[in-house]
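Before any comments, here is the structure.
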Amino acid sequence: MADSSKKMQIVFASAECAPFVKTGGLGDVAGSLPAALVRAGAEVIVMVPKYATIKDEYKAQMEHFSDFYVSLGWRNEYCGLEKLEHDDVTYMFIDNERYFARDYPYGFFDDGERFAFFSKAITESLQHLPEGFECDILHCNDWQTALAPVFLREFYQGLPLYDRVKTVFSIHNVAFQGQFSDTVMEDILGVAHIPAAASQLRCDACSINYMLGALRYADAITTVSPTYANEIQTPEFGEGLDGVLRERSYALQGILNGIDVAGFDPATDKRIAANYTVEDRSGKAVCKAKLQEELGLEVRDDRPLMVMVTRLTRQKGMDLVMYALDRILSGGVQVAVLGTGDRDYEDGLRYFQDKYPGTMAARIEFDPALSQRMYAAADMFLMPSKFEPCGLSQIIAMRYGTLPIVRETGGLKDTVIPYNEFTGEGTGFSFSNFNGDEMGDAVFRAARLFWDNRDAWNQLVTQAMSQDFSWTRSADKYLDLYFFMHPEIERPAAVVDEPEPKAKPVVEAPAAAEEPKTEEKTVEAAPEAEAKPAAKPAAKKTTTRKTTAKKATTTKAAATKTAAAKTTATKTTTTRKRTTSAAKKPAEAEAAPEVKTETTEAKPAAKAPAKTEAKKTTVTKSTTAKKATAAKKSTATKSTTTKAATTLAAAKPAAKVEETPAESKVEATVEAKPAAKTTTRKRTTTAKKTTAKAATPKAETKPAAAKEEPKAEVKATPKAEAKPEPAKEAPISPATPAEEKAPTKKTSVRKATATRKRR
């Protein structure tokens with residue numbers, strides 16, 4: 001049973017975490033997701049290395065909580081836990097000056113040892129947490145914490161405290177995996193003597209891969225967007241790990257990152273020139289003019305300003321930018337770029353700045369304050385990444401009313417809805433291939449909308465600013481995963497923001513026959529529309545069915561399953577009986593039986609009126625197929641307007657009505673069109689056993705129903721609901737004679753065969 005008293009207790013491990021230390025998107029995630037989880041009712045402890053670069057104001061708030069030694073290969077290393085409460089989240093800083101008292105988090109010769117220690121310290125720390133905190137979920141992020149699931153399984157499994165711990169590993173960028181010489185296997189990790197661990201960490205003859213270990217040992221794997229989760233399972237994006245990711249695809253899912261909507265809010269942001277909201281964006285025009293002046297661009301509101309805030313690398317699409325920049329600048333679009341990176345790209349941007357003064361601005365530096373002003377001032381934000389796990393820049397840009405122009409990859413595809421000029425939908429612009437011309441075309445699609453249709457542009461900006469990219473939504477999806485892994489813990493009702501999808505009503509076939517009105521409720525608008533056309537052809541159906549009979553026989557001959565028909569044939573007899581009693585009910589039941597046919601799929605195949613008439617005819621006839629045939633013979637001589645006509649007209653629908661109840665028992669997925677065709681064909685078969693002319697249509701009535709049931713089992717495609725049927729019934733008398741002949745010939749053939757057998 002679920003424990004309603006216990007909260008979900010999560011240890012979130014990351015090599016960086018805003019606001020203490022941040023070099024990229026991982027720091028933003030670790031700084032925002034835990035706080036959202038706490039707001040949703042979970043208890044979270046975030047574990048981060050105590051780097052020397054953490055500001056003194058935060059170090060002063062830390063209190064020494066615990067210390068112990070961690071075995072790492074042949075070493076025993078000191079580990080201190082420094083506790084800090086910040087924004088309702090508990091942080092535990094792993095203290096070891098030999099490994100972390102450096103001026104930058106990464107990039108050292110001993111990174112393999114440093115983060116192996118961090119991973120081991122995380123697992124060891126689980127038994128030194130505050131009283132009452134028993135870890136349910138250990139959530140690790142990227143290669144720096146990837147060994148924690150490995151150590152947990154190999155060194156701690158079986159200990160009571162650790163048995164309940166489930167591990168989640170999040171990939172923020174599969175390109176950074178933590179590959180090191182296999183000499184660290186025993187010297188540092190101490191797992192060389194464990195064959196399973198040694199083989200699962202090894203990526204080639206002389207190397208091991210930390211991330212590979214996590215992918216094989218973690219209970220669940222996540223990444224930062226649904227599209228990226230699919231991409232990394234391919235050789236193009238998997239960076240050599242696509243094979244193991246495909247093997248463990250059942251445990252892999254993509255959960256989109258969010259942003260700190262309070263920190264990135266144009267209505268309250270003090271870093272921008274003027275504040276503005278979705279309703280009143282006059283402040284954005286002020287921000288644009290100020291930025292143009294600051295960067296030395298022409299101060300013009302009639303020229304679109306496109307910016308980039310990025311690392312200048314090929315992964316960020318800088319090859320495409322260099323290729324298309326001449327065309328973009330000469331076309332009248334202002335461009336401003338902020339960032340640092342490869343020297344070739346830096347020099348290229350300076351070249352274009354000199355070539356297009358007043359139109360191009362390049363700031364080769366890292367300036368967070370300027371980046372914020374650029375987000376707020378620009379009209380467009382360019383992000384043509386070669387691959388992008390999630391990306392936050394395009395989300396921040398939309399938050400500030402700056403329309404993103406992105407390549408359809410990873411999180412960019414998941415977050416930016418391309419503009420549709422016909423419906424007005426969208427939150428930005430996109431292109432699919434990694435191609436400079438395609439990127440240029442996308443830029444000018446945006447520019448032309450800015451110049452030619454400002455109303456549509458403004459509507460697009462409104463839609464972009466209205467998107468929900470809060471961490472609340474992402475946290476809810478992570479909690480779905482956590483509670484799935486720990487079903488014994490009851491999830492707080494407040495956490496469930498999204499209502500559970502309602503199942504489509506399924507009507508039981510027997511009930512349909514006995515309580516038509518109830519079934520009618522299941523049928524929505526469609527039955528009514530279909531019922532009307534079905535009622536009109538009723539009088540004409542004598543010849544109509546004959547026509548349909550032949551067509552159905554020829555078109556659906558191959559599709560009919562004879563074996564299934566035989567199996568359900570006996571059930572049809574009882575079905576007819578039910579239908580007969582139902583037929584005695586008032587006319588309102590006409591539409592109801594119709595619902596029976598749709599029972600399972602809940603898609604009305606309305607042949608209701610016809611069914612009623614058919615039922616009336618059926619009432620007077622015997623429930624057995626033979627009696628039905630005889631009755632048909634007697635009615636064959638009657639005029640088209642008599643009951644016989646009604647019977648024939650209803651025969652097609654009638655068969656359907658009959659199939660439904662019997663079928664419900666089997667599969668209850670009957671659809672009008674397929675059912676009718678099956679019936680027709682089988683009717684023809686029955687007709688063969690009787691007289692050539694009048695017998696044929698009547699034989700269709702009951703035997704048809706008997707054999708139609710199997711067809712119902714063969715879930716018919718939704719094509720034929722009821723609308724197509726009435727159409728077929730419309731063309732009445734003309735085809736009658738010709739179609740009667742076909743069954744007659746078949747009958748004679750059968751007789752001939754029987755004669756030969758006797759001889």
Side-chain angles (χ1 to χ4, degrees), residues 11-16 26 30 46-49 68-77 79 92 94 96 98-100 105-106 108-128 135 137-157 159 162 165-204 206-222 239-241 244-245 248 251:
V11 170
F12 192 92
S14 172
E16 56 185 81
L26 174 59
V46 181
M47 290 193 173
V48 192
F68 46 89
Y69 281 84
V70 173
S71 62
L72 195 66
W74 49 268
R75 312 161 187 73
N76 276 323
E77 293 289 343
C79 176
M92 288 286 187
I94 304 293
N96 181 299
R98 190 162 80 84
Y99 289 134
F100 302 128
Y106 322 118
F108 299 95
F109 75 97
D110 59 347
D111 276 357
E113 181 178 340
R114 296 171 67 223
F115 291 105
F117 166 78
F118 181 44
S119 295
K120 191 70 176 290
I122 292 165
T123 54
E124 184 69 23
S125 296
L126 299 186
Q127 54 193 312
H128 298 279
C135 178
I137 299 289
L138 174 58
H139 190 150
C140 302
N141 295 269
D142 269 353
W143 73 266
Q144 295 90 348
T145 59
L147 289 177
V150 180
F151 290 143
L152 189 74
R153 179 87 57 85
E154 297 297 349
F155 298 137
Y156 297 87
Q157 192 172 29
L159 299 177
Y162 289 86
V165 179
K166 299 293 183 183
T167 53
V168 177
F169 180 70
S170 289
I171 303 170
H172 295 265
N173 190 337
V174 77
F176 301 103
Q177 302 172 4
Q179 293 188 22
F180 301 97
S181 166
D182 62 356
T183 57
V184 306
M185 192 107 66
E186 184 59 32
D187 181 54
I188 295 172
L189 311 187
V191 297
H193 64 286
I194 306 174
S199 63
Q200 293 186 84
L201 283 168
R202 186 177 293 282
C203 59
D204 60 38
C206 57
S207 305
I208 64 168
N209 186 315
Y210 286 12
M211 184 178 284
L212 180 61
L215 297 182
R216 286 182 164 149
Y217 277 83
D219 295 305
I221 305 167
T222 70
E239 300 288 345
L241 295 179
V244 68
L245 287 165
R248 300 218 60 205

Exercise for review: Quick one: sort the F115 and F118 rings into parallel, tilted or perpendicular, breaks at 30° and 60°.
Suggested key: perpendicular
Point to revise | Y217 side chain to A148 backbone, donor-acceptor under 3.5 Å | key: no
Review point. Got a sec, which pairs hit side chain to side chain donor-acceptor pair (under 3.5 Å) with one end in residues 169-180, sequence neighbours left out?
Key: H139-S170, N141-H172, S170-T222, Q177-Q179, Q177-N209
Check your understanding: With E16, which residues qualify under side-chain hydrogen bond (donor to acceptor under 3.5 Å, both in side chains), at least two apart?
Key -> T23, Y106
**Study point:** Separation between CE of M185 and CD1 of I208, rounded to the nearest 0.5 Å
**Key:** 5.5 Å
Check your understanding: Any sub-3.5 Å donor-acceptor pair from R248's side-chain atoms to L215's backbone N or O?
Key -> yes
Practice item. Apply ring pair (Phe, Tyr, Trp, His ring centres under 6.0 Å) to the pair F180 and Y210, showing each step before the final yes or no. Key: CA-CA 8 Å; F180 301 97; Y210 286 12; 4.9 Å; yes
Check your understanding: Atom SG of C140 and atom CD1 of I221: how far apart are they, to the nearest 0.5 Å?
Key -> 12.0 Å
**Study point:** Side-chain H-bond candidate by donor/acceptor type, T167 with D219, under 3.5 Å
**Key:** yes
Point to revise | OH (Y69) with more than 12 external heavy atoms under 6.0 Å | key: no
Exercise for review: With rounding to the nearest 0.5 Å, note down the distance linking SG in C79 to CG in L72.
Suggested key: 11.0 Å
**Study point:** Heavy-atom donor-acceptor pair, S119 side chain to Q144 backbone, under 3.5 Å
**Key:** yes
Practice item. Working to the nearest 0.5 Å, report the span between CD of E124 and CD of E77. Key: 13.0 Å
Exercise for review: Find out whether F117 and N96 are in side-chain contact, i.e. whether some heavy atom of one side chain is under 4.5 Å from a heavy atom of the other.
Suggested key: yes
Point to revise | salt_bridge(D110, R98) N-O dist < 4.0 Å | key: no
Check your understanding: From Q157 CD over to F151 CZ, what is the distance, rounded to the nearest 0.5 angstrom?
Key -> 15.0 Å
**Study point:** Donor-acceptor contact present, side-chain S207 to main-chain D204, <3.5 Å
**Key:** no
Review point. Taking R216 for the side chain and V150 for the main chain, is one N or O donor matched with an acceptor at less than 3.5 Å?
Key: no
